[in-house]
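The structure's right below; bear with me while I get my questions together.
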Protein chains: 2
Amino acid sequence: MSTKRKTTIRDVAAAAGVSVTTVSDALSGKGRLPEETRRRVQSEAEKLGYRPSAIALGLRERGLGLVGLCITPAGEAILTDVGYWATIVTHASQTLLSEGLAPVLLPHNVDLLSTLKVPLDGAIVVDPLEGDPVLTFFERNRVRYITIGRDLTRDNRSWLDDDNANGLLRLLQRTVPARTNVAFVTIGPLKSYVVDALNGANQWARGSDSSIRIFHAESSDRADIGHVVSSALGQGFGAIVAQHDRLALHLLSAMTERGIEAPKDVRLISVTDSPDLESASTPISAIRQRPAQLAELTARGIIEMIRGKPDIEKTLLPLEIVIRKSAPSIVG
Amino acid sequence: MSTKRKTTIRDVAAAAGVSVTTVSDALSGKGRLPEETRRRVQSEAEKLGYRPSAIALGLRERGLGLVGLCITPAGEAILTDVGYWATIVTHASQTLLSEGLAPVLLPHNVDLLSTLKVPLDGAIVVDPLEGDPVLTFFERNRVRYITIGRDLTRDNRSWLDDDNANGLLRLLQRTVPARTNVAFVTIGPLKSYVVDALNGANQWARGSDSSIRIFHAESSDRADIGHVVSSALGQGFGAIVAQHDRLALHLLSAMTERGIEAPKDVRLISVTDSPDLESASTPISAIRQRPAQLAELTARGIIEMIRGKPDIEKTLLPLEIVIRKSAPSIVG
DNA sequence: CTCTATTGCAGAAACGTTTCTGCAATCGCT
DNA sequence: AGCGATTGCAGAAACGTTTCTGCAATAGAG
């Protein structure tokens, strides 16, 4: 740690009447020193309030143990996202800190990022966008990184992700009969977890002689959502999959407004889970993500990379499915 | 930024056939160099992917622009706290980043803290506890800090805080008649905002010939809360003040269970606000905190301190009161 | 009493920059 | 042609550590 006019090792050496080597050795317990000298130096150091400069240390050791934490723009920061975000940040930070590394909060903004003069040993990027310039920035600056979620346009890098494809596949198998046409409602920029979910949905459709049709909601306005609901239901869809919990809740309330009931008239499913889905007027089935585990694993991954592990470990975290009233089980 | 085997300024110098001085000058635009040399050096640097070492820079400049962000233990991390926490972190970070400083997430744990070798230029501590060892740590390590909320046992340091005392005073004046006995319900370790609120309540009591009685809830269990409610109401209190929004909601539901209505039977007030109070079965009056402004001001404060401002600026942020059904206005 | 081993410490290099100073070489004047 | 000013660059110090190497002085062995 450091600030202000610091007392340096040289000050201590002068005060104790020895060389800097001796001070360094005395304080670190190394070298060959009689106890008496050691104690004298230590007390002198204590008296002067000497603290070794972390920066100087870092210069020698080539690194200060700083790990960047870059979360994609809160942008349309939906409220429930906060919980997800907080969980990721908290757990990644705890893991890093327990290993002596310090998390640095980074902006998801390359201009801002490049004004920073932070010696990063590595970075964690949460939910990268397609062709994310932040990743490009890290590559150009030789900062090793690992992502939670993937930039699908960029291959061959380290990432971890929830296995939403498999999760949605299983959820659909459990809750939606064969030969059902399904509407998949998305919103906002395309993130990898949505692509994954779509893959899972399509896989399910192929296996059960069904079809998936994608609707993109312009915004979460009452009107836009209502429009999606109307057009989906007008076309005889038997199930609606929402990209995330917030959207699912919007859809549910738009359905209620129109007198459409889940699951009687249409089954409603959310790709992401949240407590709000449990306490909704009609509880909504979903896939339960595991942000805490994801964050911890990611942190351990970047730690290993920093400690010299060569590269890359792509990991899909298996997920639990949560079946609620809006799309009950069709088996048994 | 930095990692791996870096190419240094010396490599560039060798490649361009000049001295390190020339490279430094060429890249920074300083010194007296003909355009041709400058370009040659620049292209060589580009070719080698040279990035100056932030650590070496920091060594010279005595600082890397790192600011610690220390949030008190999520501990009994009540869900609504997450929003507050996230707001503080987000806004403080944005302000710091916009000034070229980087926020470092710190543990609220001195043991962990001391294992870190992070050269902090300053720190922000949110909601310090009484006699908080983290603050002691920073003082011993000569890290300048500023707190949001105060450690009341420690004087003479820089802090900012919501003016909860004045806020609660005004809220009580507006919503509780004179000569009303008030129960003030607290929970968990004593934080400065609670002490402030109590001061405000007591000031109100003196001015309106009323009394304040403190109840400490052991936990937010249904039973404990119910106990507090029963004993408060059995003793003829006309108003209950809850330390925070979550507690207020617990109290409200305990009251409902017992058939006690707000504001008819007792007026209910929360010291902290949250959206949940608005949408409660009986919307609850509260003081509206301003975490975003608080965080931004605090960040600006630490920035000034880092830039050399001598010390200390104690600031109380004036607050708005939000009057809802649970304790409606008594005037007009 | 001499020769080697050990002890107690100091000097210096290295980590990667920036910047101050200095020194040739060239240029412009008279 | 001679002189000062300018240009183009290099050397070295400084930032604060750690660690490798080296060198006296002392201790121990024969």
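To find a chain, count down the sequence lines: A is the first, B the second, and so on, and within it residues start at 1. Source: prediction; values computed, not measured.
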Nearest nucleotide by nearest heavy atom, which residue falls closer to the 5' end of DNA chain C, B/Ala56 or B/Arg32? B/Ala56
Spacing of CG belonging to A/Asp127 relative to NE2 belonging to A/His108, to within rounding of 0.5 Å: 10.0 Å
Along DNA chain D, 5' to 3', what are the outermost nucleotides having an atom less than 4.0 Å from a heavy atom of chain A? D/dG16 to D/dG22
Starting at the 5' end of DNA chain D and moving along, which residue's nearest nucleotide shows up first, B/Thr37 or A/Val23? B/Thr37
First encountered from the 5' end of DNA chain D, between B/Asp25 and B/Leu59: B/Asp25
Do B/Tyr50 and B/Glu44 get their side chains close enough for a donor-acceptor pair, meaning under 3.5 Å? no
Could you check whether A/Thr8 gets within reach of a base, just the sugar-phosphate, or nothing at all, counting any heavy atom under 4.0 Å? sugar-phosphate
Does CD in B/Glu46 sit with more than 12 non-hydrogen atoms of other residues, nucleotides or ligands closer than 6.0 Å? no
Value for CG (B/Leu69) from CD1 (B/Ile88), rounded to nearest 0.5 Å, stands at 9.0 Å
Touch check for B/Thr21, heavy atoms < 4.0 angstrom, all strands: base, sugar-phosphate only, or nothing? base
Have B/Thr22 and B/Ser19 got a donor and an acceptor in their side chains that come within less than 3.5 Å? yes
Report the C-alpha separation of A/Arg40 and A/Val18 in whole Å, then their side-chain angles, then the decisive distance to 0.1 Å, and conclude whether the side chain to side chain contact (heavy atoms under 4.5 Å, CB included) test is met. CA-CA 10 Å; A/Arg40 185 160 44 90; A/Val18 295; 4.2 Å; yes
